[in-house]
Novice: 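Have a look at this one.
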Amino acid sequence: MSKVTFSPLNDWGIFPAYRPCIIAGPCSAETYAGLLETATALPEGAVLRAGAWKPRTRPDSFEGAGTEALDWMVRVREKTGRRIATEVASAAHVRACLEREVDILWIGARTTTNPFLVQEIADALKGYPEQIVLVKNPVSPEVELWDGAIERLMGAGLRKIGAVSRGFSVGAGSAYRNTPMWQVPIELRRRHREMAFFCDPSHIAGDRKYIAEISQKALNLGYDGLMIETHCNPDEALSDSSQQITPDRLREIIASIKTRNTGDGAPDITLEALRTRVDELDETLIKTLAERFRTTDKIGIRKSELNLTSLQMGRWSEVLSRAVKTGAEEGLGEEFITRIFSLIHEESVASQDKLR
Ligand code: PEP
Ligand code: MN
């Protein structure tokens, strides 16, 4: 991994110093009047977002007003002083935005998924090192694809780069439209500690009733900012209507969520002591796991001598029931224990198979 430095969010000259930094506005730029109304009603310091070009699942949906919409955004900026942000998915989009000095560009989830397009965008941005670009996570939970997109922008000389978590499309299993899978953005953040991180609770939620809780979760995790779809008349919106909120609701949410310190400052003794204890426990956990695998390998050799299959369903069922019962006594949920033991068991069986 190349060791390049990102420009810190406070040096971008776009957001106020306080957190969270807010980017808000409609999913798509529908009309000049609608944009102006929303921009006027947004909280102070918020950047106006709106999609000029909309990637839609089906071709008969509203796909944005294109460069005309960009011109509306520029006029709104002139009138209100609000900075503007839009999505780019091709070199032509980038050129249209550069011509109009759009303050923030973002690469959408579908585009981050495609390295050809990301490279095309990065090439079009060469020679514009001051341009701010946010990179949404790809549709699938692949940190390398996300990181690769960031690397392509870095390669084009950009430094004002941020990441946006908008959840992953991994099918059912969550009440949300896109599952956050926080461990993926956390891994990206571990790699790039100085990079700005935004969360887009709107596209994670898919439903406006979850925006507040996801926003709070993001702040608990130390995100710098939020991108929230906001529309003066959400139910009439031409795209993503069920997840958009009004500017009033946005103000309410911002007032209700609590910012947390990231803890990167002076160490706290209590926290340090507890962390030391957790490190010791992790060590014990790993040693215990290793001992367990050594033992299941011995079982594997014996099964092989007895010509038994590695997978013994009756035994697995017993192991899991006992683990769930002990887990419950210790206050650990059944789903968690089942997930962890399924993983351990799968690894044991695979290892036993290798010994045959
Ligand atoms: C959007 O922000 O309106 C959008 C299309 O987002 P995503 O790329 O996250 O789906
Ligand atoms: Mn949208």
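Each ligand, and each atom within it, is numbered from 1 in the order the structure gives. As the structure is a prediction and not an experimental result, all values here were calculated from the model.
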Novice: Go through ligand 1 atom by atom and flag the ones less than 4.0 Å from a non-hydrogen atom of Trp106.
Specialist: 2 (O)
Novice: Check Arg208 with Asp235, please: is the shortest side-chain N to carboxylate O separation under 4.0 Å?
Specialist: yes
Novice: I'd like to check whether Asp200 has a polar contact with ligand 1, where a contact means an N/O of the residue lying under 3.5 Å from an N/O of the ligand.
Specialist: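 So ligand 1 has no N or O lying under 3.5 Å from an N or O of Asp200.
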Novice: Looking only at N/O atoms, are Arg49 and ligand 1 under 3.5 Å apart anywhere?
Specialist: yes
Novice: Are Lys325 and Glu329 ion-paired here, with the side-chain N under 4.0 Å from a carboxylate O?
Specialist: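 Looking at Lys325 and Glu329, the cut-off is met.
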Novice: So, does Gln312 use its side chain to make a donor-acceptor pair with the main chain of Thr309 at under 3.5 Å?
Specialist: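 Yes.
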Novice: What is the name of the N/O/S atom in Asp240 that sits closest to the Mn ion (ligand 2)?
Specialist: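 Nearest to the Mn ion (ligand 2) within Asp240's N, O and S set: OD2.
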Novice: Could a heavy atom of Cys27 be found less than 4.0 Å from some atom of ligand 1?
Specialist: yes
Novice: Checking a contact table here: which protein heavy atom is nearest atom 6 (O) of ligand 1, and how many Å away?
Specialist: Lys136 NZ, 2.9 Å
Novice: Taking 4.0 angstrom as the limit and counting only heavy atoms of Gly108, give me the atoms of ligand 1 inside it, by number and element.
Specialist: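 The atoms of ligand 1 under 4.0 Å from a heavy atom of Gly108 are 8 (O).
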Novice: Does any N or O of ligand 1 fall below 3.5 Å from an N or O anywhere on Ala109, backbone included?
Specialist: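 Yes.
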Novice: Is there a donor in the side chain of Glu229 and an acceptor in the side chain of Gln243, or the other way round, less than 3.5 Å apart?
Specialist: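 Yes, because at least one side-chain N or O of Glu229 sits under 3.5 Å from a partner of the opposite role on Gln243.
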Novice: For atom 10 (O) of ligand 1, which candidate among Glu87, Gln244, Arg56, Arg166 provides the closest heavy atom?
Specialist: Arg166
Novice: For N/O/S atoms only: which one belongs to Glu229 and is nearest the Mn ion (ligand 2)?
Specialist: OE2
Novice: Please determine if Glu213 and Lys217 form a salt bridge, counting it only when a charged side-chain N lies under 4.0 Å from a carboxylate O.
Specialist: no
Novice: For Ala46, is there any backbone N or O sitting under 3.5 Å from a side-chain donor or acceptor partner on Arg82?
Specialist: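 Indeed, once roles are kept as given, a pair shorter than 3.5 Å links the two residues.
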Novice: Can you tell me which residue and heavy atom of the protein come closest to atom 4 (C) of ligand 1, and the distance to 0.1 Å?
Specialist: His203 NE2, 3.5 Å
Novice: Between Lys136 and Glu87, is there a salt bridge with N-O shorter than 4.0 Å?
Specialist: no
Novice: Report the angle formed at the Mn ion (ligand 2) by atom SG of Cys27 and atom NE2 of His203, rounding to the nearest 10°.
Specialist: 170°
Novice: Is it the side chain, the backbone, both or neither of Met227 that has a heavy atom closer than 4.0 Å to ligand 1?
Specialist: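 Contact part for Met227 vs ligand 1: neither.
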Novice: Salt-bridge test for Arg166 and Asp200: reply yes if a basic N is under 4.0 Å from a carboxylate O, no otherwise.
Specialist: no
Novice: Please verify the inter-ring angle class for Phe6 with His192; under 30° counts as parallel, over 60° as perpendicular, anything in between as tilted.
Specialist: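 Correct class here is perpendicular.
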Novice: Does the ring of Phe62 carry Arg56 above it, NZ/CZ under 6.0 angstrom from centre and within 45° of its axis?
Specialist: no
Novice: Using a 3.5 Å cut-off on N or O atoms only, is Asp240 in polar contact with ligand 1?
Specialist: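 There is no such contact.
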Novice: Looking at Glu229, which atoms of ligand 1 are within less than 4.0 Å of one of its heavy atoms?
Specialist: 1 (C), 3 (O)
